[in-house]
Enquirer: 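Encoded as structure tokens, here's the structure I'll be asking about.
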Amino acid sequence: MTALRDITLLVNGQEYAVRVEPRKTLADTIREDCRLTGTHLGCEHGVCGACTILVDGSPVRSCLLFAVQCEGVEIETVEGLASDGVLHPLQEAFWEHHGLQCGFCTPGFLMLAKGALEEDPGLTGESLKEVLSSNLCRCTGYQNILAAVEAAAVRMRR
Amino acid sequence: MSYVGRSVRRLEDPPLLTGEAHFVADLDFPDMASMRVVRSPVANGRLIGVETAEAAKAAGVIAVLTAADLDLPPIDVRMTNASGLDPYRQPVLAEGRVRYVGEPIAVVIAEDPYQAEDAADLVWAEIGDLEPHLDPLRPGEFENGIPARVATVEKKYGDIEDGFEVSGHVLEVELRVGRHTGVPMETRGAIGIWDEAEGVVHMYGAAKVPHYNRSAIATMLGLELDKVQLHENHVGGGFGVRGELYPEDVLVCEAARLLGRPIRWIEDRREHLIATNHSRDQVHRVKVGFDDTGFIHVIDDEFWQDQGAYVRTHGATVADLTGAMLPGPYLVPAYRSRGHIVLTNKTPAGTYRSPGRYEGTFVRERILDLVAAELGMDPVDSRRVNLIPRDRIPFDREYSALATGVTYDSGDYERLLDRVVERLGYADLRADLERRRANGELVGLGVACFVEKSGLGPFDEVRIEVDASGSVEVITGAASLGQGIETSIAQICADGLGVNIEMVRVTHGQTDRIDRGMGAFATRVTVMTGSATSMAAAEVREKALEQAAGLLEANPADLRIERGRIQVEGSPEGPFVTLGDVAAAAVEAGGELSATAEFNTTHMTYPYGVQAAVVEIDRATAGCRVTDYLVGYDIGRTVNPMLVEGQLVGGVAQGIGGALLETFRYDESGQPLATSFMDYLVPTASETPHVEVMVSEDFPSPLNPIGVKGAGEGGINGVGAAIAAAVGDALGQPGAVTELPITPESIQAILSRG
């Protein structure tokens, strides 16, 4: 077994000192060592996107990164979206538009949408659909997810 | 203002949106160890020995268990409607024989999941390969002297021979529906905990049928029922497959008891695709007799269902429902179905959303399209000729499904078809597509009619308790797989009781909170749990009014409850007491403000629908894209329109997967070829069209106090059928599609023979 490494992760503005094997994925580290279990694992091979988080503002699959690669970057997870009990416009819109059923894929979609809209606030229509095709949902048929993100985009532009 | 009928936003959403929800993999218990399952790498073989010594010495390993270490019976059939299934049940761990790639052979328990997975690679199973059986039409033996053809399920009415005699036309066709399944985004998972002091085993990660699984685990472990408790957490989708009793559920409980530590097993996606129930996979050979008007006098169907390596908990359910629901909304005076359940060396199969109907609707609606093509009729007209007229409903099929007599309870099928035709602008749409085809485009329209079923009994029990703060708890043995039951049940309770919905919380899936429960399957919860809730709420209301009458010195008949306040009707300025006050008074008097109600039924409700698909085929790639989709559905009465629409739209997306993308293929040695999301293709937003939903409430069910029917399976039911018809239309060969999924290869083949 490889030696454990001491690293510090910056997640949602908070520092976490963790001791991990070099092979431990970022997703597992966030979930088990930082105890932030809102980031979900749906496939562990980078297709489903349930584990999507933001690294320095860009959406990434946290199952495809090792924790030891992520020192010195800013990590955002779903737990960082709401502030002081006030939901982020994306969370509000998902609630309002019934953009979730079982809710398992939801954190990944929220983070994907946040990253995408922060990079291109005008994202809409087919381009938005293409971006949201990065992640899988098995319950909603995507219709309400698209509607929710469109609605949140309008609110976020204000 | 009532809550029922309104698109109330969901009570369950906030924790799911903020990441605070707890799915089973999110739970942490002190001293918890991880379990990894060692699975068979071959499809069929004699299991000669399992070498575990090296794995046992690996870092972090606590134990390695094989069948020799356990004394557990095989997993029983939960829903049985065929006898003789016992020999085909799956053992918890293989002993002497393996029958599919993925079958559990041993488990490794280690301090963390990485170590468990490392050590699992060191377990070596000696297996003597046997020839795999992969074709349900050429069944082998399950074991020496035990045939792999498990059972034949028959449904029949009318005179088949007479039917063919009066038919001027006869057609025969072979139709196939591929092997695909639910694939929820959350994989399975279970945590077993042994409470030594109390002698109780707890299992977290229960879903769908916690009470049934509790009794099954108790039996298997030799424990009294009250020594097993199951706990449902957030569940990331079910679709029929999640929550059935699988070997791993039993293994975590038994390992926890043996080792005295909490044992956690979380399935990975590869495991999910080879270990969790598959579904569908039927070959139908159907013979149909019809006359010049398109009226179908007789359907004689024989089908083979590839149920994989073992008979799991669903028993003969899928074959039973296929045969029972195949005639759908049409009269068909004579009908026979013979469904053969056959075992092969593939992952065992069970139910997946709209089991038997997705398949049967595909078969039936292909027939309606073929009849239309044969006679040069419009496909809508061939349906119209055959629909059961309104004055014949309730309509008794004279046989049973799921041990209940199949009697369509209410509806007007032609009226719904008319509405869909109108909404589509059918004639103009046909003409427009015709023009586009004349210009060289490959575009087409397909329509499918169907009857769904919902509200399977026999009972559901609900307990409602009000505390001194006026907050209301509804406790039910139903389960939540993400479908929104906390909200819909709270809506029914809030209306029945006269409280704000924010005061209601719904507790489900906890065997230590209510003794009985049927769970969530067969689109039963809104009908069954909803009805029981409405009855219990009425009882609590009556008790509260009586109690309040004493406190207010009024006649109970003059009182009303609104927003949790009880006062004399018509005098809003007068004195009042709250529901909480009444509950407190009840406690003071040595009682409580609560009621338990049970709703019983012997018949299911039958919602019905019409679906239409428009597809576009790319001539160069032979790829098929669904551009428009319409669902017309009569649900009797809607509790929450937003949730109903969500169910229907989500179902359509899954149906598109089964129609165009998803398929479990095997090579000739029985190795599964779809073991990741790179090979098993679930529709993304790009493959999913905008779905227009048209819900009507014309025919409430007469079978329950709130008139509801279910929405869970009405979205997926007709999708394979409608897309097959649309593809045939686009290619100018209405009957060409005989198999799902419709792949670019199959479209290319049709194009080249066209």
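Quick caveat, the model's predicted, so the values are computed rather than measured. Keep in mind that the numbers below use all heavy atoms, side chains included, and drop hydrogens, waters and symmetry copies. Quick note on labels: first sequence line is chain A, next is B, and so on, each numbered from 1.
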Enquirer: Answer whether the closest heavy-atom distance between the side chains of R269(B) and H45(A) falls below 4.5 Å.
Expert: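 Result yes, sub-4.5 Å side-chain heavy-atom pair found.
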Enquirer: Quick check against the 3.5 Å criterion: does E186(B) have a side-chain atom that pairs as donor or acceptor with the backbone of G42(A)?
Expert: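 Side chain of E186(B) to backbone of G42(A): no pair is present.
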Enquirer: P683(B) versus chain A, heavy atoms under 4.5 Å apart: side chain, backbone, both or neither?
Expert: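 Interface part for P683(B): both.
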Enquirer: Answer with side chain, backbone, both or neither: which region of S676(B) has an atom nearer than 4.5 Å to a non-hydrogen atom of chain A?
Expert: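 Both parts, backbone and side chain.
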Enquirer: For atom CD of Q69(A), decide whether the heavy atoms of other residues, nucleotides or ligands shown that lie under 6.0 angstrom number more than 12.
Expert: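 Check passes, neighbour count above 12.
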Enquirer: Ignoring hydrogens and geometry, is there a side-chain-to-backbone donor-acceptor pair from Q91(A) to L17(B) under 3.5 Å?
Expert: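 Yes, because the side chain of Q91(A) sits within donor-acceptor range (under 3.5 Å) of the backbone of L17(B).
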Enquirer: Would you indicate whether R6(B), at its atom CZ, is surrounded by more than 12 heavy atoms from other residues, nucleotides or ligands within a distance under 6.0 Å?
Expert: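 Atom CZ in R6(B) is crowded, with more than 12 foreign heavy atoms closer than 6.0 Å.
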Enquirer: Could you walk me through whether L136(A) and T684(B) pass side-chain contact (heavy atoms from CB on, under 4.5 Å), step by step?
Expert: CA-CA 6 Å; L136(A) 298 179; T684(B) 73; 3.7 Å; yes
Enquirer: Quick check on the interface: out of P113(B), G650(B), A25(B), who has the most heavy-atom pairs with chain A under 4.5 Å?
Expert: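 The option with the most such pairs is G650(B).
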Enquirer: Please report the shortest heavy-atom distance between V78(A) and G19(B), naming the atom on each side.
Expert: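 Looking at all heavy atoms of both residues, the shortest contact is CG1-CA, 3.8 Å.
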Enquirer: F23(B) versus chain A, heavy atoms under 4.5 Å apart: side chain, backbone, both or neither?
Expert: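 The answer is the side chain of F23(B).
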Enquirer: Can you find a heavy atom in the side chain of F94(A) that is under 4.5 Å from one in the side chain of D13(B)?
Expert: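 Not touching, per the 4.5 Å side-chain cut-off.
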Enquirer: Quick one: which of S7(B), G646(B), G237(B) has the most heavy-atom pairs under 4.5 Å with chain A, could you say?
Expert: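 Looking at each option in turn, the highest pair count goes to G646(B).
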Enquirer: Return yes when atom CD of E71(A) has more than 12 non-hydrogen atoms of other residues, nucleotides or ligands closer than 6.0 Å, and no otherwise.
Expert: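 Yes - once you tally the heavy atoms of other residues, nucleotides and ligands closer than 6.0 Å, there are more than 12.
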Enquirer: Taking atom CD of E502(B) as the centre, report whether more than 12 heavy atoms of other residues, nucleotides or ligands fall under 6.0 Å from it.
Expert: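 More than 12 within 6.0 Å, yes.
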Enquirer: Roughly how far, to the nearest 0.5 Å, is the CE atom of M642(B) from the CD atom of E96(A)?
Expert: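 E96(A) CD to M642(B) CE: 8.0 Å, rounded to 0.5 Å.
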Enquirer: Strictly by salt bridge (charged side-chain N to carboxylate O under 4.0 Å, His left out), give each pair with a member in residues 37-64 of chain A just once, sequence neighbours left out.
Expert: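 Sorted result for residues 37-64 of chain A: empty, none.
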Enquirer: For E119(A), I'd like to know if atom CD has over 12 heavy atoms of other residues, nucleotides or ligands within 6.0 Å.
Expert: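 Count not over threshold, so no.
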Enquirer: H234(B) versus chain A, heavy atoms under 4.5 Å apart: side chain, backbone, both or neither?
Expert: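 Answer is neither: H234(B) stays 4.5 Å or more from chain A.
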Enquirer: Quick one: pull up CD in Q483(B) and SG in C139(A) and give me the separation to the nearest 0.5 Å.
Expert: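 Taking CD in Q483(B) and SG in C139(A), the distance rounds to 9.5 Å.
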Enquirer: Side chain, backbone, both or neither: which part of L643(B) has an atom under 4.5 Å from a heavy atom of chain A?
Expert: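 Contact with chain A: backbone and side chain both.
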Enquirer: Do R31(A) and D26(B) have side-chain heavy atoms sitting under 4.5 Å apart?
Expert: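 SC-SC contact between R31(A) and D26(B) confirmed.
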Enquirer: Specify the closest pair of heavy atoms between R35(A) and L27(B), including all atoms of both residues, with the distance to one decimal.
Expert: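 That would be NH2-C, 4.3 Å.
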Enquirer: Is the shortest side-chain heavy-atom distance between C137(A) and M185(B) below 4.5 Å?
Expert: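 No, every pair of side-chain atoms sits at 4.5 Å or beyond.
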Enquirer: Measure distances from E32(A) to the heavy atoms of chain B and classify the residue's part below 4.5 Å as side chain, backbone, both or neither.
Expert: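 It is the side chain, since no backbone atom gets that close.
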Enquirer: Between L87(A) and T18(B), is there a side-chain heavy-atom distance shorter than 4.5 Å?
Expert: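 With C-beta onward as the side chain, the pair touches.
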Enquirer: Which heavy atom of V691(B) sits nearest to which heavy atom of Q143(A), and what is that distance?
Expert: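 Reported closest heavy-atom pair: N-OE1, 2.6 Å.
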Enquirer: Any side-chain heavy atom of W95(A) sitting closer than 4.5 Å to one from L16(B)?
Expert: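 Side-chain contact under 4.5 Å: no.
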Enquirer: Which of the residues N135(A), T106(A), L100(A), L132(A) is involved in the greatest number of heavy-atom pairs with chain B at under 4.5 angstrom?
Expert: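 Sorted descending by pairs with chain B, the first entry is L100(A).
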Enquirer: Let's go through R10(B) and H98(A) carefully: what are the C-alpha distance in whole Å and the side-chain angles of both, what is the deciding distance for side-chain contact (heavy atoms from CB on, under 4.5 Å) to 0.1 Å, and is it a yes or a no?
Expert: CA-CA 8 Å; R10(B) 300 202 318 172; H98(A) 190 31; 3.7 Å; yes
Enquirer: Taking all heavy atoms of D28(A) and all of Y114(B), pick out the closest pair and write down the distance.
Expert: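 Scanning both residues, the minimum pair turns out to be OD2-OH, 2.6 Å.
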Enquirer: Between Q647(B) and chain A, which part of the residue has a heavy atom less than 4.5 Å away: side chain, backbone, both or neither?
Expert: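 Q647(B) touches chain A through backbone and side-chain heavy atoms alike.
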Enquirer: Given that the side chain runs from C-beta out, which part of T140(A) has a heavy atom under 4.5 Å from chain B: side chain, backbone, both or neither?
Expert: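 For T140(A), the backbone is the part near chain B, not the side chain.
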Enquirer: With a 4.5 Å cut-off on heavy-atom pairs, point out which of V652(B), T187(B), D268(B), D28(B) contacts chain A the most.
Expert: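 Ranked by contacts with chain A, first place is D28(B).
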Enquirer: Check each atom of V235(B) against the heavy atoms of chain A and say whether the ones under 4.5 Å are side chain, backbone, both or neither.
Expert: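 Just its backbone gets close to chain A.
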Enquirer: Look at atom CZ of R157(A) and say whether more than 12 heavy atoms of other residues, nucleotides or ligands are closer to it than 6.0 Å.
Expert: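 Result for CZ/R157(A): enclosed.
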Enquirer: Could you check if a side-chain atom of Y142(A) sits within less than 4.5 angstrom of a side-chain atom of S686(B), using non-hydrogen atoms only?
Expert: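 When only atoms from C-beta onward are counted, S686(B) and Y142(A) do not touch, as no gap falls below 4.5 Å.
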Enquirer: Could you check R23(A) against E117(B) for salt bridge (Lys or Arg N to Asp or Glu O under 4.0 Å), going step by step and ending with a plain yes or no?
Expert: CA-CA 13 Å; R23(A) 66 171 174 172; E117(B) 199 167 336; over 6 Å; no
Enquirer: I need the residue from A82(A), C102(A), P107(A), A50(A) with the largest number of non-hydrogen atom pairs under 4.5 Å to chain B.
Expert: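 Among A82(A), C102(A), P107(A), A50(A), the one with the most close pairs to chain B is C102(A).
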Enquirer: Just by distance, do the side chain of R138(A) and the backbone of V682(B) share a donor-acceptor pair under 3.5 Å?
Expert: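 Not a single qualifying donor-acceptor pair exists.
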